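Since this is a predicted model, take the numbers as computed values, not measurements.
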Amino acid sequence: MKKIVLTVSFVIAFAFGCALSGSALADAPIDISSAEVTTAYESYTYTGEEICPNVKVNVTYTDKKGKEKTVKLVRDTDFTVLYSDNTDVGTASIEVTGIGAYKGTAYGTFNIDARKVTDKKFSVKLKSNAKAGHAPKFAVTYNDKKLSKNKDYTITVKGTDKAGYKAGKAVIKGKGNFRGKVSIKFNVYPTMVRGIKAKNVKQNTLTLKWKSKSDEGVSGYKVYRADNKAGKNKRLIKTVGSNSASIGDVYSATKLYFFVVAYKTTDGKTVKSDLSNACITCTKPKQPQLNYVVKKKDNKIYLNWNGVYNPSGYEIKYSLDRKMKNNVNVAKAKASKSGKTIKVPDNGYAYFVKIRAYKTYSKNGKKKTVYGPWSVKMSSIFGRVYKTYTTNYPYNPNRTTNLRLACKAIDGKILNPGETFSFNGTVGPRTAAKGYKPATIFTGPNSHAKGVGGGICQVASTMFNAALLANFPIVERHQHSQKVTYCPVGRDAAIFWGSENFRFKNNLQYPVKIRMSCKDGKVTCTFAVSYKIKAPKVNLNVYRNGKNYTLKRSVDGNVNYTAHSTY
């Protein structure tokens, strides 16, 4: 039995000894303080994380028999490892502590080298676009982690003073944990256009002006129009090279939204600024045509006008002062109206009236109003056009002077009910002393000559046609000895001092004011009245019979005037 026990004891002892790493059979732990501590490589490249390479620990000791032995230790069985300074570039430290059959501490080191910035995990991206005069911001990362400027890298930026495609360049140099350099090119965009203002805004045109970007080297500007201040349905309407643009072909009384973009083109490549803020403006309404101003009963005047496109309403001014400087009254009318009755004091005087359209719109939360031009001023006396007629004349200095003098003599003549107008009686003799000039006159069917006052038969013929259309009775009219070109055949009226006159009668129950004008190649005769009355519908027909012409005027199918001509 004892032998068996000894045998078992030996086996147990052997087994225990084999369990010791490195087959160490010493009774006391082996000191590893002089052990060789190494890693697979002497240097590792920076990763941004702690670097913990595998550690090799070889310990040499002398056994009981005096023999020197070297044993390779096993981590976490024979020793534990502690790393320090093992993240950033430099020398990392390893501390190995024996456990189990080993005791003491051994030390080792390894190097951490800087990583090249050309590494694919090293990234340089624009955080914001570069604008002329302003360097962009960069996002520099390694392995998706943000790096610190002046700690991990330095950056030098050039070429941002002017706008251009790939005009900017950034050079990034590694620092600390990184080495080497990398460069990138980037676009430099013009800065946003600012200070846009609408100038000289009219009914259908305006001018846009803004602060120049010439110092940024821009090639030009693109002007856009949109449907609202957010730029909805933005469309390009003009491209210009300077900081202004003339805008046409826009509707009157319309709110408009304009935007401007600066651009730079280099070798066919274009960079643009951001869309500017909206320039909001409104075109002026057009000028309404005041048709007439008339007196009504119960201390009222009534005015009528032709409306304009898209107004918010109309503003009316009226005053007893012809110049409309004193005691001016203001009234408003809705946009849908074309007439208005205004109550006024009954003081026996004529009121002078004018009207204009206005447009109200909002701009940046504030209400604004733009006004169109005033209409022609009219008086409540003779404020309604009863009938008018115009003929054209070619410019000839002497003849035009004669036309103007004759028109001036007639203009403003008031013809009372039942009164007859006499051309010769109103104009008087045409003499050089009055300023009349020599011009062509007819002296027979086939002859002509120069005569003082020549050409004023056109004034008489213009009045003749206006009188025909007004259905005024024609008291006296003469034909020319030759055909004239300024009115239809059979509808001319010749005058000659002392023998041929032109006369017609006012058959209305109201006074008539004669307005005669000679301007811009047109002679116009207008009959104006103070009351709201309508002229009858007149039909004028000229019939030819051989060399003879017959003019007939009819109203409601009844002929009330006939005139004959032989050309």
Side-chain angles (χ1 to χ4, degrees), residues 34-58 72-73 75-76 79-97 105-189 191 217 264 266-267 269 271:
S34 60
E36 181 184 16
V37 179
T38 61
T39 57
Y41 303 99
E42 290 184 3
S43 298
Y44 294 85
T45 303
Y46 173 80
T47 65
E49 305 289 343
E50 287 188 349
I51 298 176
C52 300
N54 291 328
V55 176
K56 295 180 181 179
V57 179
N58 293 322
K72 182 179 180 179
L73 304 188
R75 184 173 180 171
D76 296 330
F79 65 90
T80 59
V81 180
L82 178 65
Y83 300 94
S84 60
D85 300 323
N86 62 326
T87 300
D88 295 328
V89 168
T91 301
S93 298
I94 305 171
E95 182 180 310
V96 175
T97 302
T105 302
Y107 299 93
T109 62
F110 63 91
N111 295 323
I112 299 178
D113 296 334
R115 184 167 291 274
K116 292 182 179 180
V117 294
T118 53
D119 188 286
K120 63 181 181 180
K121 291 185 178 180
F122 188 90
S123 173
V124 181
K125 295 181 180 179
L126 289 178
K127 196 174 181 181
S128 61
N129 285 334
K131 304 291 178 66
H134 305 275
K137 292 182 178 180
F138 296 88
V140 182
T141 60
Y142 174 72
N143 203 18
D144 296 328
K145 290 185 178 180
K146 182 180 177 181
L147 300 183
S148 299
K149 185 178 178 181
N150 296 326
K151 176 185 176 184
D152 299 314
Y153 67 92
T154 61
I155 186 166
T156 303
V157 180
K158 296 180 180 179
T160 58
D161 56 328
K162 304 284 185 181
Y165 178 79
K166 300 298 183 184
K169 182 179 179 180
V171 178
I172 298 92
K173 291 184 178 180
K175 187 176 181 181
N177 294 317
F178 299 91
R179 63 188 175 92
K181 67 179 180 180
V182 65
S183 63
I184 62 169
K185 287 189 174 182
F186 51 88
N187 296 336
V188 180
Y189 297 88
T191 57
K264 172 67 175 182
T266 307
D267 298 329
K269 303 290 187 179
V271 292

K.L.:
Would a distance-only check, ignoring hydrogens and angles, find a side-chain to backbone donor-acceptor pair under 3.5 Å from K175 to N150?
P.N.:
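Judged by distance alone, yes, a pair lies under 3.5 Å.
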
K.L.:
Would a 4.5 Å heavy-atom cut-off, applied to side chains only, mark K169 and S183 as touching?
P.N.:
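Sidechains of S183 and K169: in contact.
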
K.L.:
Nearest 0.5 angstrom please: T45 OG1 to K116 NZ, how far?
P.N.:
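Interatomic distance, T45 OG1 to K116 NZ, rounded to 0.5 Å: 9.5 Å.
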
K.L.:
Please round to the nearest 0.5 Å and tell me the distance separating atom CG of N58 and atom OG1 of T38.
P.N.:
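Rounded to the nearest 0.5 Å, the CG-OG1 separation comes out at 6.5 Å.
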
K.L.:
Please round to the nearest 0.5 Å and tell me the distance separating atom CG of N143 and atom NZ of K120.
P.N.:
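Reported to 0.5 Å precision, the distance equals 11.0 Å.
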
K.L.:
Using a cut-off of 6.0 Å, state whether more than 12 heavy atoms not belonging to K162 lie near its atom NZ.
P.N.:
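Yes.
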
K.L.:
Among T105, V37, T97, L73, find the residue that satisfies the side chain to side chain contact (heavy atoms under 4.5 Å, CB included) test when tested with F79.
P.N.:
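Of the listed residues T105, V37, T97, L73, the side chain to side chain contact (heavy atoms under 4.5 Å, CB included) partner of F79 is L73.
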
K.L.:
Where is the tightest heavy-atom contact between S128 and P136, given as atom of each residue plus distance?
P.N.:
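For S128 and P136, the tightest heavy-atom pair comes out as O-CB, 3.2 Å.
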
K.L.:
Do F122 and I172 come within less than 4.5 Å of each other through their side chains, counting heavy atoms only?
P.N.:
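In short, these two side chains touch, coming nearer than 4.5 Å.
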
K.L.:
Please report the C-alpha distance between V140 and K149 in whole Å, then the side-chain angles of each, then the deciding distance to 0.1 Å, and finally whether the side chain to side chain contact (heavy atoms under 4.5 Å, CB included) criterion is met.
P.N.:
CA-CA 8 Å; V140 182; K149 185 178 178 181; over 6 Å; no

K.L.:
Is the ring pair F186/F138 parallel, tilted or perpendicular, if the boundaries are 30 and 60 degrees?
P.N.:
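Geometry flag for F138 against F186: perpendicular rings.
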
K.L.:
Looking only at heavy atoms, which two atoms of G168 and V188 are closest? And how far apart?
P.N.:
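Residues G168 and V188, closest heavy atoms: N-CG2, 3.6 Å.
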
K.L.:
Give a yes or no answer on whether the side chain of K264 reaches the backbone of G217 with a donor-acceptor pair at less than 3.5 Å.
P.N.:
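Yes; at least one donor-acceptor contact below 3.5 Å.
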
K.L.:
Could you give me the CA-CA distance, side-chain angles and deciding distance for D152 and N177, then say whether side chain to side chain contact (heavy atoms under 4.5 Å, CB included) is met?
P.N.:
CA-CA 6 Å; D152 299 314; N177 294 317; 4.3 Å; yes

K.L.:
Would you name the heavy atoms of V124 and I184 that are closest together and state the gap between them?
P.N.:
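So the two residues come closest at CG1-CD1, 3.9 Å.
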
K.L.:
Kindly compute the distance separating OH (Y189) from OG1 (T191), expressed to the nearest 0.5 Å.
P.N.:
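These two atoms lie 14.0 Å from each other.
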
K.L.:
Quick check: closest heavy atoms across D113 and S43, and the distance to 0.1 Å?
P.N.:
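Looking at all heavy atoms of both residues, the closest pair is OD2-CB, 3.3 Å.
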
K.L.:
Take I94 and V81, measure what side chain to side chain contact (heavy atoms under 4.5 Å, CB included) needs, and give me the verdict at the end.
P.N.:
CA-CA 7 Å; I94 305 171; V81 180; 3.7 Å; yes

K.L.:
Nearest heavy-atom pair of V182 and V117: which atoms, and what distance?
P.N.:
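Closest heavy-atom pair between V182 and V117: N-CG2, 3.9 Å.
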
K.L.:
How far apart are the C-alpha atoms of F110 and Y44, what are their side-chain angles, what is the distance that settles it, and do they pass the side chain to side chain contact (heavy atoms under 4.5 Å, CB included) test?
P.N.:
CA-CA 8 Å; F110 63 91; Y44 294 85; 3.7 Å; yes

K.L.:
So, for Y83 and I51, which heavy atoms are closest and what is the spacing to 0.1 Å?
P.N.:
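Closest approach of Y83 to I51, heavy atoms only: CD2-O, 4.3 Å.
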
K.L.:
Using a cut-off of 6.0 Å, state whether more than 12 heavy atoms not belonging to K166 lie near its atom NZ.
P.N.:
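More than 12 heavy atoms, drawn from other residues, nucleotides or ligands, come within 6.0 Å of this atom.
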
K.L.:
Atom NE2 in H134, atom CG in D161: separation rounded to 0.5 Å?
P.N.:
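If we round to the nearest 0.5 Å, H134:NE2 and D161:CG are 11.5 Å apart.
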
K.L.:
Roughly how far, to the nearest 0.5 Å, is NZ of K269 from CG of N187?
P.N.:
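Separation between the atoms: 10.0 Å.
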
